[in-house]
Structure formats: structure tokens, C-alpha cells
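Structure first, then comments.
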Amino acid sequence: MTVAVSCLAAASAAASADAGPRAAPLRPIVYVNGYATYSIRPDGTRWKQLNECYLGPLATNGRQIVGAFSGARLSPALALVPAQAELVNDCDNGPRDPSVLRYRLRPRGTQPSYWNTLAWARDGRRILGVGPFGTGGDQRGRIVVFDANGMGYRILDTSGLDGVRSSVTGAAWSAGGDRIVVGRVFKSSDCPEFVETKTVGAGCDRSELAVMHADGSGARSLYRPPQIEGSQVDDLPEGSGLHKLPSPIFTPFAWHGNRIYVTDGDQRNGTRIAVVGNDGTGFRYLTGRGSLSGSPALSPDGRHVALVWLPGCVTGSETTCGKSPSLYVMSSAGGPLRTVRVRQPLTSATCSRGSLPGRRTCIRTNIGFDRVAW
């Protein structure tokens, strides 16, 4: 089996032309699969294996990668590893393994059960994370912010938005690092679908985007469209106008200039990538429906989005959809997806020269894509 990874020759050339003759090449994309962490340029060149760790989720500032170790013995431990050096370190040997101890990041505070979002601030010194805190019915996603050395750990509270308890789905830094956009789900008492389906409940599920200062203060709602709870759709009377309303779950993944990029995991339409202005206006979808693996990643210049994607697949099941996810790049303004294809043959000789010395498993270990960072 060989790797299917799209070339962006035309897009990269156009980007360089727009930026001028001295424009720096795009920073490599970092991705992981079940075997290791890799980097590759958007045009499919300069592929290399960075380490033997599955780090998911992960984020990079171009110099370092922060990611969550996988495995029951290490979760929710974090790693902070170089983004360019090729490291021979095996992350499967537990918390006492020298490789794990050498690169382990230890935030000074109560950590979530696991991490589902990690993001660097633009200054490259602060990290944002999202994960579930609590157990059972009290479990909910919350935001934490800390320095790259693990200090300054702070859990941000979103209940100040409107006094309603909510669970955070994801978050992203503003370009200046002074604000954070938050995706959250919560219970609302305004439930017209309950009236039509004759349902009795404590509240109906709603999703919105909110913005707060980096210290958690000044939270305000940014975008909350009319919506209905997905579990009620099939019970609505035929001809009900509520059938037209979406059942979104908004998860922001990037904020560049005045544009905020999010995924919408609508229960009926699969996952789509969308953009909205930082004033809450101009919401529009950039992709059709499909299934994402992990979160997309925006390029540092804000012009491209990298994603591990199953086009047209709503269920997210490779077996059901009859295909495997591939790595794609698209314009941040929308448009066609371009598959990133490795340009060099992944032979054992190539691995010895350009990846981990002496290893002869690159053809096997480079198969598949799971999560991506840029």
C-alpha cells in the first residue's frame, strides 16, 4: 500500500506571486498517524519523519510542537518537541521512558481527562488547551491557558457569558493573543421543537460562538443562529418550518485578521468548514459535507487550510464510506481541495537518508493520516 498525500504547485506558485518574489516558502505541515509524527511541505516535498510518537491533538509554532501523548499510561500528559529535528524516541514505553521524560511538558495545574484542542498564541510563548473536566453528568469541556514552560496555568470560566452552564467544544487565539474565540454547547429554555414534538425536558441543546479576553473576562456572544436540537428532528410534524433549521456544533480552529474559521459538526449534514467575521457577520461554508479527522489547520499567512478529510462522508466511518481520509489543502477563501502527495518514493533507502537513520519501516509507518497542524 502506498501513501496518498495533493500537490499544490499551482496554488503555491500563485501565493508566491501574490506575496512578491521574496516571499518565504510556506511552513511545513505537521501531521500524525497511528505510528509517528511527520512534516511535509504543501507541494509534497521535504517529507520527513520527526519522531515515533502519536501526538494528538497537536499544534506547532514553527519551532516546537506541543501535543498530547496517546495511551492510557500517559494520557493526558503533554509533549513539547522540536518541529524540525528528527528525533529517535519511542513514546510507547510509559511515563518513565527517557524519551517521554525528556520532552514532557508539565503544566502546573489540574489537567483535563484528555485534550481535544491545543493551540499556540502568535507570540509562540503561550498555549491554549481544551478538554473535559469532571466526571459523569458533571463533565464538561473547559479552556485552560498556560505558558510554554508549564507556568501561569489558568482555567477560564465561560459561565460569565450569561450564567448558563456550558461545555466548550474548541477555542482559538486572536492574532494579537489578547482575545479567544470559543465554541460552546449549552441548554436553552427556548425550545420551540419541544412544543411541536410534545417533549418535556430541562432544556434543548444549542451551540454558539463567543469571544472573551485572554484572561476569561468580557465574554460575549458572537454568533448564535436559529437552530433546533438534532434529536428532535425525526419527531417534528411533517411540514413543520423547524425542519429547515440546522443543528450545529461550532468548533473554532483559527482566527486570522478579521476572519474566524470554524468547523460545524451538524448532526444531519456531517462536518463542514466555515468562516465568519470577527463581528459575527458573514457566516458562510467553505466546504461541502464530509468527515474530518481531528481539527483543520490554518497556514501562518492565513491563505490556506490543511485538513484530513473524508469528502462526502457523513458518518465518519471508513468502512461505511468505502474510503480512507487523505491530507488536503484548500484556499482559506474556499474552492477546490487539492490532495497533498508525497513526491519522493518512500523506499527504505529514502528513509535512511532523509528520516530516521537505520530504520527500514517508513513505507509501512507513513500510511494514513489522522491529525494535522500548521
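The shown structure was predicted, so the numbers you read here are calculated from the model rather than taken from an experiment.
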Taking side chain as C-beta onward, heavy atoms only, is [X] less than 4.5 Å from [Y]?
X      : Y      : value
Asp123 : Asn61  : no
Leu105 : Phe146 : yes
Ile65  : Leu50  : yes
Asp235 : Thr199 : no
Pro296 : Trp309 : no
Trp120 : Val66  : yes
Lys187 : Arg206 : no
Leu78  : Arg104 : no

Does [X] reach the main-chain N or O of [Y] with its side chain, forming a donor-acceptor pair under 3.5 Å?
X      : Y      : value
Asp147 : Asn149 : no
Thr117 : Val130 : no
Arg126 : Gly177 : yes
Arg108 : Arg106 : yes
Gln232 : Gly230 : no
Ser331 : Gly335 : no
Ser291 : Leu310 : no
Asp264 : Ile249 : yes
Gln64  : Pro82  : no

When you compare the side chains of [X] and [Y], does any donor N or O come within less than 3.5 Å of an acceptor on the partner?
X      : Y      : answer
Ser247 : Asp266 : no
Gln49  : Thr37  : no
Asp370 : Tyr54  : yes

Arg125 atom CZ: more than 12 heavy-atom contacts under 6.0 Å: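 Count not over threshold, so no.
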Is there a path from [X] to [Y] through hydrophobic residues (I, L, V, M, F, W, Y) whose side chains come within less than 4.5 Å of each other?
X      : Y      : result
Trp173 : Met212 : yes
Tyr223 : Val182 : no
Trp47  : Val329 : yes
Tyr153 : Leu128 : no
Val168 : Phe253 : no

Side chain to side chain donor-acceptor pair (under 3.5 Å) assessment of Asp190 paired with Ser188: CA-CA 5 Å; Asp190 182 14; Ser188 172; 5.4 Å; no
Over all atoms of both residues, closest heavy-atom pair of [X] and [Y]:
X      : Y      : value
Val275 : Arg259 : CG2-CB, 3.9 Å
Thr287 : Met330 : CG2-SD, 3.6 Å
Arg272 : Gly288 : CG-O, 3.3 Å
Thr271 : Gly265 : OG1-CA, 4.0 Å
Ser167 : Gly141 : OG-N, 2.7 Å
Thr110 : Phe133 : O-CE2, 3.3 Å

Sole candidate of Asp205, Thr251, Thr169 that passes side chain to side chain contact (heavy atoms under 4.5 Å, CB included) when paired with Val185: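 The single option meeting the side chain to side chain contact (heavy atoms under 4.5 Å, CB included) with Val185 is Thr169.
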Salt bridge Glu208-Arg220, side-chain N to carboxylate O under 4.0 Å: no
Gap between atom [atom2] of [Y] and atom [atom1] of [X] - 0.5 Å precision:
X      : Y      : atom1 : atom2 : result
Ser299 : His256 : OG    : NE2   : 7.0 Å
Glu196 : Leu242 : CD    : CG    : 4.5 Å
Asp157 : Ile143 : CG    : CD1   : 9.5 Å
Ser166 : Arg184 : OG    : CZ    : 4.0 Å
Leu55  : Thr60  : CG    : OG1   : 11.0 Å
Lys198 : Glu193 : NZ    : CD    : 14.0 Å

Worked check of side-chain contact (heavy atoms from CB on, under 4.5 Å) between Leu236 and Ile228: CA-CA 11 Å; Leu236 289 172; Ile228 63 170; 3.7 Å; yes
Parallel, tilted or perpendicular, as decided by the 30° and 60° cut-offs, for the rings of Tyr31 and Phe369: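 Rings of Phe369 and Tyr31: tilted, 30 to 60°.
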Sub-6.0 Å ring centroid separation between Tyr261 and Trp255: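 No, ring centres 6.0 Å or more apart.
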Check against side-chain contact (heavy atoms from CB on, under 4.5 Å), Leu292 and Val308: CA-CA 6 Å; Leu292 279 170; Val308 179; over 6 Å; no
Evaluation steps, side-chain contact (heavy atoms from CB on, under 4.5 Å), between Ile273 and Val262: CA-CA 6 Å; Ile273 297 175; Val262 305; over 6 Å; no
Where at least one partner belongs to residues 180-208, residue pairs that pass ring-ring contact (aromatic ring centres under 6.0 Å, His included), sequence neighbours excluded: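 Not a single pair qualifies under ring-ring contact (aromatic ring centres under 6.0 Å, His included).
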Any pair counted as disulfide (SG to SG under 2.5 Å), so long as it reaches residues 219-257, sequence neighbours left out: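 Disulfide (SG to SG under 2.5 Å) check on residues 219-257 returns no pairs.
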Verdict with supporting geometry, Val276 and Leu209, side-chain contact (heavy atoms from CB on, under 4.5 Å): CA-CA 10 Å; Val276 64; Leu209 295 173; 3.9 Å; yes
Set of side chain to side chain donor-acceptor pair (under 3.5 Å) partners for Ser332, sequence neighbours left out: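 Partners of Ser332 under the side chain to side chain donor-acceptor pair (under 3.5 Å) test: none.
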